[in-house]
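Reading through the structure tokens given below for one structure.
Everything numeric here is computed off the predicted structure, so don't read it as measured data. Protein chains get the first letters and strands the later ones, always in sequence-line order, with residue 1 at the start of each.
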Amino acid sequence: MKISSYIYCFILGFSLSVYATSGHATTNPEDKQSAKIMQLEQRIVELESLVQLLLKQSKLPSSLKPTEHDLSTKIASKVNANQQVINQKAIATNTAELSNIAEMAEQAEMAIYSYEDLSEEINNSIKISGYADVEYKGSGEDGVNEQFRMHHLSLFFTKQFDNKIKFFSEIEYEDTPKLEGKNDGSGDLKLSSGKIFVEAVNFDWNYSQHFNLRAGRFFTPAGIWSEDHYPPFVPTQERPLHIRKIFPQLVDGLSLFGSTEFVPNHFFNYTSFIGNGESNVSGKKDLNSSKAVGFKGDYHAPWLDDFTLGFTLYNDNNDSSNNEAEKFSYGYHLKFRHEKFTVQTEYAKADLHFDNTLEDYKSEGYYSQFLYQFDQWGLGYRFDVFTKNDTELGKIKRNSVFINYHLNEKFTLKGEFHQDSQDELMIEDYSFYIFSITGYLGK
Amino acid sequence: MISIFTKNHYFTRLFLLAFWLSAPICAQQMVVVVNVDNTEIITPTIIKQIYSDKRNFWATGQQILLFELPVKDKGREIFAKALLNKSAMASQSDWSNRYVKNTIKNKVKIKPHKLVAKFVSIHKSAIGYIPLFIAEKQKNLKIVMMIEQ
């Protein structure tokens, strides 16, 4: 074994022994393990420098470094008789040093395996992550108070079973939920507020770049905002008006997805899915026998800094959330970035057909968002339109301006102002603002 | 006259100090490295695809193990600017966003550059970026891209 390997082994061995003697077993929580690993890694780097420094200072002749046996034979053949006496003393000293290093190397070899084992254990353990946000909201409407809102606390639990199988879940606590039972043994609730919602719980089988399966509950793969909506990573707390109103928020079912490079540097990502469909009661059963199906395609081109153009299709022959209407939705989306300037736009439309054709209607919505980012700042504007029912008046237009300040990659301060106007003359324009703090709680 | 001269001298020192403080940002030559046994043809375009999570398998079918430097490491800023045309902070936010969206494809590990060098030298499927002087010291590494600043 070469001297560089000894050094490496020694560092790992020493690090592991430090870890072992610190009293932290692998049964400790994951965050402690991660913290310890980080300390170990730092210690490895420090020790590596130290060992290199010590080796330089030991003035060990380069010919003595390989092995104890080589060391003796090489020295004997190169020095004369007088020098041999002096060198034999040096050899004795160096042999002792080498012996020590060899002993440590043996321990370190074990340490390498242990380190790899520990790393694998950490990788395969359940990981907890999340995000939280606090808002201060006010509006121009009379009688509506300005208020603080503890909007989201979302926790993600993920586990990588092996290279191919993964578990993912998200539990959202919205508006600091509180449930309190009556103290009479009846089991009835005395008080309830807020919302606890399992927004995602699914298993992935990642077979290849082209072919993957997901089973469980997941956000509907539709357009951009449906999946890409997490407060620490989007510029506004308020989502565009049509989001979740044309395509459902969630799918309970199965998804097949993947990506292919059909021309060098041109990618097509696909996601097809089948699920229970949108219903007021979900998670346990389907309210009807028909299944909803959908498909989303994204074309990623090597233009500008990022460029994505895509479409979504969705069909449910018995939409339980809309009086068993036959619902067909489709949409287009585009996102591109050139240096500090990002444009994001989505269009979506739904056709709903009822048994009584007089009840048929269409919903339509679109928005365009412009974001300019410089240093830690983001400035933007969004124009947003939504028509819930085309047979009635009620088209809402919204103009939004926003500003973001990223304290770091996990923590963002936001300010946003929205002004709504409607076609109906009787309804006055309405404006509101939100200041928020959002934080990503993961690594 | 004396007081004016002293003031000018003070400003000159301040200017030099500011220049000195800003210099290290441009001083580090970064390189992208893979394991010496990796026989793939790796172009800057492929590296960009990997680091923007568009590609997560090597042509051999092996899953890519991707290393990033910590966000505060100057090398991360240089790499992100040169390859992705965004800041280190924005690139890390992208990884976090992919993680919570559950669309992340690559296995990403954030390690200091010395450990990136070690791990890439051990794992055949790994890719990372480190300062040139570290890459030159570490055995079993192959430099596949020099990052122009």
Side-chain angles (χ1 to χ4, degrees), chain A residues 2 4 8 41-42 44-45 48-49 112 116 123 129-131 154 156 158 160 163-164 166 168 170 200 202 204 206 208-210 212 214 218-219 221 227-230 232-234 257 259 261 264-265 267 269 300 302 304-306 337-340 373 375-376 406 408-410 412 440 442-443, chain B residues 43 45-46 48-49 52-59 61-65 70-72 76 80-81 83-119 121-123 125 134 137-140:
Chain A
K2 293 179 180 176
S4 58
Y8 180 50
E41 288 166 355
Q42 187 59 37
I44 285 170
V45 173
E48 188 180 40
S49 308
I112 290 172
E116 292 279 338
N123 285 339
S129 174
Y131 73 88
S154 273
F156 299 90
T158 58
Q160 191 77 42
N163 274 343
K164 296 196 182 297
K166 187 178 84 172
F168 180 91
E170 180 189 351
N202 55 65
D204 276 9
N206 302 122
S208 70
Q209 180 115 14
H210 313 291
N212 305 277
R214 177 169 295 169
F218 45 89
F219 281 95
E227 290 178 299
D228 195 355
H229 64 270
Y230 289 96
F233 309 111
V234 291
F257 60 100
S259 171
E261 189 179 15
N265 213 11
F267 287 81
N269 291 2
H300 294 277
L304 307 173
D305 289 311
D306 292 303
R337 178 175 70 87
H338 178 58
E339 296 184 348
K340 296 172 179 174
Q373 289 173 296
D375 299 328
Q376 289 161 273
H406 303 279
N408 55 46
E409 71 277 14
K410 294 177 182 172
T412 304
Y440 172 59
K443 277 176 78 177
Chain B
T43 62
T45 305
I46 288 177
K48 186 180 176 185
Q49 288 167 1
S52 44
D53 208 32
K54 290 192 178 97
R55 184 184 290 275
N56 59 320
F57 281 85
W58 296 113
Q62 199 169 16
Q63 198 161 6
I64 296 168
L65 176 60
V71 175
K72 287 181 180 171
R76 174 84 181 256
K81 286 272 185 203
L83 208 81
L84 307 172
N85 199 14
K86 59 175 66 168
S87 66
M89 197 190 286
S91 96
Q92 185 55 39
S93 282
D94 285 351
W95 284 122
S96 302
N97 193 16
R98 288 180 199 118
Y99 177 78
V100 297
K101 283 193 296 179
N102 200 14
T103 59
I104 193 164
K105 295 175 192 166
N106 271 299
K107 289 178 175 179
V108 189
K109 290 180 183 291
I110 301 170
K111 303 285 175 196
H113 47 62
K114 282 192 177 181
L115 282 175
V116 171
K118 293 274 184 208
F119 284 129
S121 73
I122 293 168
H123 294 284
S125 64
I134 300 279
K137 281 182 190 171
Q138 181 65 48
K139 290 179 181 175
N140 297 327

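Ion pairing of Glu261(A) with Lys54(B) is absent here, as no side-chain N (NZ or NE/NH1/NH2) approaches a carboxylate O to less than 4.0 Å.
Only the side chain of Asp204(A) comes within contact range of chain B, with at least one heavy atom under 4.5 Å from a heavy atom of that chain. In this structure, no portion of Ser87(B) lies under 4.5 Å from any heavy atom of chain A. Proximity to chain B (any heavy atom under 4.5 Å) is shown, for Gln160(A), by neither the backbone nor the side chain. Looking at Lys166(A), the atoms closer than 4.5 Å to chain B (heavy atoms on both sides) all sit in the side chain, from C-beta outward. Proximity to chain A (any heavy atom under 4.5 Å) is restricted, for Lys109(B), to the side chain, taken from C-beta onward. With a 4.5 Å cut-off on non-hydrogen atoms, Val100(B) touches chain A through its backbone and its side chain both. When heavy atoms are compared at a cutoff of 4.5 Å, His113(B) does not approach chain A at all. Using a 4.5 Å cut-off between heavy atoms, Arg98(B) does not touch chain A at all. Contact of Asp306(A) with chain B is made through the side chain alone, with heavy-atom distances under 4.5 Å.
Side-chain contact between Lys105(B) and Asn269(A) is present, with heavy atoms from C-beta onward closer than 4.5 Å. For the pair Lys107(B) and Asn163(A), the minimum side-chain heavy-atom distance is below 4.5 Å.
Here Lys101(B) contributes atom NZ and Phe219(A) contributes atom CZ; the two are 12.0 Å apart, rounded to the nearest 0.5 Å. Between the CG atom of Asn85(B) and the CG atom of Asp305(A) there is a distance of 4.0 Å, given to the nearest 0.5 Å. Distance check: Ser96(B) OG to Tyr230(A) OH gives 13.0 Å after rounding to the nearest 0.5 Å. Taking OG1 of Thr412(A) as the reference point, atom CE of Met89(B) lies at 8.5 Å (rounded to 0.5 Å). How far OG1 of Thr43(B) is from CG of Asn265(A): 8.0 Å, rounded to the nearest 0.5 Å. Rounded to the nearest 0.5 Å, atoms CG (Asn97(B)) and CD (Glu227(A)) are 10.5 Å apart.
Heavy-atom neighbours of Lys72(B) NZ from other residues, nucleotides or ligands within 6.0 Å: at or below the threshold of 12.
For the options Glu170(A), Arg214(A), Lys410(A), heavy-atom pairs under 4.5 Å to chain B are most numerous at Arg214(A). Taking Tyr440(A), Phe168(A), Phe267(A) one by one and counting their heavy-atom pairs under 4.5 Å with chain B, the maximum is reached by Phe168(A).
In the model, Asn102(B) has a side-chain atom that pairs as donor or acceptor with a side-chain atom of Asn202(A) under 3.5 Å.
Pairing each heavy atom of Lys48(B) with each of Leu304(A), the nearest pair is NZ-O, 4.5 Å.
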